[in-house]
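Proteins get letters first, then strands, A, B, ... in listed order; numbering begins at 1 in each.
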There are 2 protein chains.
Amino acid sequence: MRALARELRTAVSALYNHVSSKDEVLNWVQDDVNDAIDTSSFGSEPWDIALTRWARSYRETFAKHSPLIPVIAVLPIAGAPHTLTMYERVAEGLRTGGWPEDMVVDTIVAVESFILGSAMDASAPEWIFDVGDRCDLAPAFTDAVAARRGSGRPASDRAFVLGLNALITGLQNTLKEIDEFPNSAGLASFGR
Amino acid sequence: MRALARELRTAVSALYNHVSSKDEVLNWVQDDVNDAIDTSSFGSEPWDIALTRWARSYRETFAKHSPLIPVIAVLPIAGAPHTLTMYERVAEGLRTGGWPEDMVVDTIVAVESFILGSAMDASAPEWIFDVGDRCDLAPAFTDAVAARRGSGRPASDRAFVLGLNALITGLQNTLKEIDEFPNSAGLASFGR
DNA sequence: ACCTGAACACCGTTCAAGT
DNA sequence: ACCTGAACACCGTTCAAGT
């Protein structure tokens, strides 16, 4: 709040004439950041392609604003029009793509959880998995960390692409099973 | 630090004789919390079953300690022996399960990203997706939110199970493709 | 070697006093 | 209606002074 006041050339206390708390400011910021996420593929592309594009744009946007991640993850969406519009496009895209209505939100939340977790990971230092001393405690892991080193792009990008491909493939599979055995749709979404 | 000092019945400044910063304390806490995560299925079960059990235990543990999530997500693991031991068990389980060594860490990171994202989501209020006024901006989404209401267990649990099933199914698929076409392993992990 | 209390440079928020 | 400066109740961390 002090930094914001400085930028606006006012006293900190003056802010509270326009805003009821820092949380309200963050809500506005969240809505502004969410507006930068690309949802243009929904409507023109199949749901799985569009969801992949959305996920990449979403992660990229929040990797640039990592301190916001734990905040927006628990922030109610009421009163954030751009955020609402984003979810509307995704929900409409999934519905049109054949997803049953009672699974649309769960699908969005699942993909979003992966995205936000990946965006946090992207803001971690590259050497986060360096074992240091105590290689003795984790020989197989130490080897695995060494084996993935030096392959061009950042490690977190590789993990994201691997996971996103797997997640989308798995979701395609879930949807196909629902279409083939409509009565066991509940089972597919609930697990054992 | 002040709360910790109170609990230990000392002055806050006395803590700094035993610890160099709050971050070091959090590193210890992280290691202690990670020790509660169940990795016992690795070794006795196939990698996909074990990974599923691990993921459930991991999410449950950190859903109970949500303020730690953004911290541990970027905390280096050096000097955290229990954390190292956990990763060792998972890495060893994936290697034994047939995963190529240079994909083990990426697979762990991908699943972990989903877990931590889901644990954050689990600590959000249940009404996070209530649209409030402005239903006009998101009719399809509003319907989807209504459609998933009132189905027993918490919404975040359903999204987690749906996503975890999809993710593991997708990873099984990725591994199968690698076994069938070993030379395109790079493609499978890198995406297009 | 370890403790203590005071101090420093920060926070978000409130409030009486101004215009 | 909106601003100002002082104040409140917090932070993590440092440091001179003690034992």
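- Within residues 65-77 of chain A, no residue places a heavy atom under 4.0 Å from DNA chain C.
- Within residues 21-31 of chain A, no residue places a heavy atom under 4.0 Å from DNA chain D.
- Between A:R2 and A:A11, the one whose closest nucleotide on DNA chain D sits nearer the 5' end is A:A11.
- Taking the six-membered ring where the residue is Trp, A:Y58 and A:F62 present tilted rings, their angle falling between 30° and 60°.
- Annotation: the span from B:L15 atom CG to B:S21 atom OG amounts to 11.5 Å, rounded to 0.5 Å.
- The pair B:E92-B:R95 meets the salt-bridge criterion, with a side-chain N (NZ, NE, NH1 or NH2) lying under 4.0 Å from an Asp/Glu carboxylate O.
- Along DNA chain D, the stretch of nucleotides lying under 4.0 Å from any heavy atom of chain B spans, 5' to 3', D:dC11 to D:dC15.
- Between A:G163 and B:A110, the shortest heavy-atom contact is CA-CB, 3.8 Å.
- A search for side chain to side chain donor-acceptor pair (under 3.5 Å) contacts involving B:D31 returns B:H82, B:T83, not counting sequence neighbours.
- Residues passing the side chain to side chain donor-acceptor pair (under 3.5 Å) test with B:D38, sequence neighbours excluded: B:S40.
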For residues 67-77 of chain B, please give each side-chain donor-acceptor pair under 3.5 Å, one per line with the distance, not counting sequence neighbours.
none

Seminar exercise, completed: Dot-bracket for DNA chain C, 5' to 3', Watson-Crick and G-U pairs with both distances under 3.5 Å, [ ] for crossing pairs, | for partner on another strand, reads ||.|||||...|||||.||
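- Near-neighbour residues of DNA chain D inside residues 12-19 of chain B, defined by a heavy atom below 4.0 Å, number-ordered: B:V12, B:S13, B:Y16.
- Remark: B:S113 engages no residue in a side chain to side chain donor-acceptor pair (under 3.5 Å) (not counting sequence neighbours).
- Counting only heavy atoms from C-beta outward, the side chains of B:N165 and B:V161 approach each other to under 4.5 Å.
- Applying the ring-ring contact (aromatic ring centres under 6.0 Å, His included) test to residues at least two apart or on different chains, the pairs with a partner in residues 95-144 of chain B are A:Y87-B:F129, A:Y87-B:F141, B:W47-B:W99, B:F114-B:F160, B:F129-B:F141.
- Of the two residues contacting DNA chain D, namely A:T10 and B:S20, the nearest-nucleotide position lying further toward the 5' end is that of A:T10.
- A salt bridge between B:D121 and B:R59 is absent, with no side-chain N of the basic residue lying under 4.0 Å from a carboxylate O of the acidic one.
- For B:A63, the side chain to side chain contact (heavy atoms under 4.5 Å, CB included) criterion is met by B:A122, not counting sequence neighbours.
- At least one donor-acceptor pair closer than 3.5 Å links the side chain of B:T107 to the backbone N or O of B:M103.
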Solution key, residues 6-14 of chain A side-chain donor-acceptor pairs under 3.5 Å, sequence neighbours excluded:
none

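- Nearest heavy atom pair, residue A:A155 against residue A:E126, reads N-OE2, 3.7 Å.
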